[in-house]
Amino acid sequence: MHTDAAAAHTGQDPGHRALRAGIVGYGMAGRDFHAPLLRRAGWRVGDVVTADPGRRAAAEADWPGVRAHPDLTALLERSRPDLLVVASPSGRHVEHALAGLEAGVPVVVDKPMALDRDGAAALVRRAGETGTPLTVFHNRRWDAEQLTLEQVLAEGRLGTVHRFERRWERWRPVPKDRWRENAVGEGGLLLDLGPHLVDAALRLFGPVTAVRAELRALTTPTEDDVFLALEHAGGVLSHLTAGSLVGAPGPRTRVLGSAGAFLVPGHDDAPGPFDALDPGAGMAGWLVRGAEAEPVPTAAGGPADFYRAVTRWLTAGGPVPVDPREAVAVAAVLDAARRSARTGTAQRPAGD
């Protein structure tokens, strides 16, 4: 977007004040993920949507002077933020993002963009029809392991890659009692962690031609044990795992190539046996060739860079941080995973 067009969306010259965001939902996603990154990127949260008194009090403590609204309609009637951050439960993402687009307010929608490809595609179409900026919070693109892996691949240090593995595993035999664990069709690890896993694979190795999946509900009403095998058009195989009943979480990332492997051994939030292979301060993982292991320095960048990119996108004509069409492709892979788990056969993701 050009600067003059951005001014039409923001309403004021961003050089004279901090840009102001409105957050729909102030639970874990809104308060613990979006709000801190917005602050670090120089944004101010001026509005929140929550009907919960405790969350309203938390927002008021975090952001003195914030306006709390009982619903999104009230926010859009009373305020015009520079950005609307949709951090509500997944089943309401399309509804809330569409409301922002119709009001002409730029939108960041948390993952999953929608519950399925059709919903995600509908958002992209409406953004184009209204001319309103839309992006998706695929924030794990800015994780240290992802940034470092991209650098390792760009330098050709692995040779020809043939397999990509990423695991998001934890030992949680007693599940949390919240909507993410209980809402069949809206919660579960396929929609919670699956978008991050699939987005990483697509970004690194391109389009997917076939999906095989195993989805199980072991301790919750919805999926808490997920395995996806993706065949990329370029020949790479991606094995993606998310699980809550994993007593020994495996290596977070392992990439195999003709010249070696890249290994990220452990999980910051899920202790496991591979933590003993910590490469040390300032290192993101290992370059491994059999018995030889070389620590790999962490690439520059970090999570707040997502919202710094949002600022450049809206005010200086920078590129969209995450092209929402890429989130549609992610949703198509997740849809194919559901079909594969149901039929026991490989499925091709839907496309235009």
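Only this structure's heavy atoms are used, side chains among them; waters, hydrogens and symmetry mates stay out. Residue numbers run from 1 in the order of the sequence given.
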Give a yes or no on whether a salt bridge exists between [X] and [Y], defined as a side-chain N under 4.0 angstrom from a carboxylate O.
X	Y	result
Arg203	Glu150	yes
Asp47	Arg20	yes
Asp62	Arg31	yes

Between [X] and [Y], is any pair of side-chain heavy atoms under 4.5 Å apart?
X	Y	result
Arg157	Leu287	yes
Thr253	Glu165	no
Arg252	Arg167	no
Leu237	His162	no
Val208	Leu202	yes
Leu38	Ile23	yes

- What residues, two or more places apart in sequence or in another chain, satisfy side-chain contact (heavy atoms from CB on, under 4.5 Å) together with Leu115?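 Checked Leu115 against side-chain contact (heavy atoms from CB on, under 4.5 Å); matches are Ser90, Glu186, Leu191.
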
If you compare all heavy atoms of [X] against all heavy atoms of [Y], which two are closest, and at what distance to 0.1 Å?
X	Y	result
Arg180	Ala29	NH2-CB, 3.9 Å
Leu263	Pro251	CD1-CB, 3.6 Å
Gly351	Arg117	C-NH2, 3.8 Å
Leu37	Pro303	CD2-CB, 3.8 Å
Thr219	Asp224	OG1-OD2, 2.6 Å
His196	Phe137	CE1-O, 4.2 Å

Assess, by modelled atom type and distance only, whether the side chains of [X] and [Y] contain a donor and an acceptor separated by less than 3.5 Å.
X	Y	result
Arg67	Ser79	yes
Thr220	Thr222	no
Gln347	Arg342	no
Ser340	Arg212	no
Thr209	His232	no
Asp52	Tyr26	no

Is it the case that over 12 heavy atoms from other parts of the model lie below 6.0 angstrom from the [atom1] atom of [X]?
X	atom1	result
Glu292	CD	no
Arg178	CZ	yes
Arg289	CZ	yes
Arg170	CZ	yes

Quick one: pull up [atom1] in [X] and [atom2] in [Y] and give me the separation to the nearest 0.5 Å.
X	Y	atom1	atom2	value
Leu228	Leu190	CG	CG	6.5 Å
Asp192	Glu223	CG	CD	10.5 Å
Leu149	Leu158	CG	CG	7.5 Å
Tyr307	Arg40	OH	CZ	12.5 Å
Arg166	Leu197	CZ	CG	7.5 Å
Leu19	Trp43	CG	CH2	4.5 Å

- Message: For residues 68-97, which residue pairs pass the ring pair (Phe, Tyr, Trp, His ring centres under 6.0 Å) check, not counting sequence neighbours?
- Response: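 Non-adjacent pairs meeting ring pair (Phe, Tyr, Trp, His ring centres under 6.0 Å): zero.
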
- Item | Inter- and intrachain pairs under ring pair (Phe, Tyr, Trp, His ring centres under 6.0 Å), touching residues 110-129, at least two apart |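 Found none.
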
- Message: My understanding is that only one of Leu76, Leu75, Asp82 makes a side-chain contact (heavy atoms from CB on, under 4.5 Å) with Val105; could you say which?
- Response: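 The option that passes is Leu76.
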
- Taking Pro321 as the fixed residue, which of Asn139, Val136, Asp305, Val310 is the one that meets the side-chain contact (heavy atoms from CB on, under 4.5 Å) rule?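 Of the listed options, the one satisfying the test is Val310.
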
- Item | Residue list, salt bridge (charged side-chain N to carboxylate O under 4.0 Å, His left out) with Asp32, at least two apart or on another chain |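 With neighbours one apart ignored, the set is empty.
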
- Task: Would you please name every residue forming a salt bridge (charged side-chain N to carboxylate O under 4.0 Å, His left out) with Arg56, sequence neighbours left out?
- Result: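 Salt bridge (charged side-chain N to carboxylate O under 4.0 Å, His left out) check on Arg56 returns Glu60.
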
- Message: Looking only at the aromatic ring of each residue, does the gap between the centers of His239 and Phe164 stay below 6.0 angstrom?
- Response: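 Between Phe164 and His239, the centre distance exceeds or equals 6.0 Å.
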
- In the hydrophobic clustering (ILVMFWY, side-chain contacts below 4.5 Å, transitive), which residues join Leu218, or is it alone?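 Members alongside Leu218: Trp171, Leu245.
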
- Query: Is there a donor-acceptor pair under 3.5 Å between the side chain of Glu214 and the backbone N or O of Phe227?
  - Reply: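 Looks like no, no N/O pair under 3.5 Å.
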
- Query: For the side chain of Ser258 and the backbone of Thr160, is there at least one donor-acceptor N/O pair under 3.5 Å apart?
  - Reply: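 Yes: the side chain of Ser258 pairs with the backbone of Thr160.
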
- Task: Please report the C-alpha distance between Phe262 and Val296 in whole Å, then the side-chain angles of each, then the deciding distance to 0.1 Å, and finally whether the side-chain contact (heavy atoms from CB on, under 4.5 Å) criterion is met.
- Result: CA-CA 9 Å; Phe262 177 71; Val296 180; 4.2 Å; yes

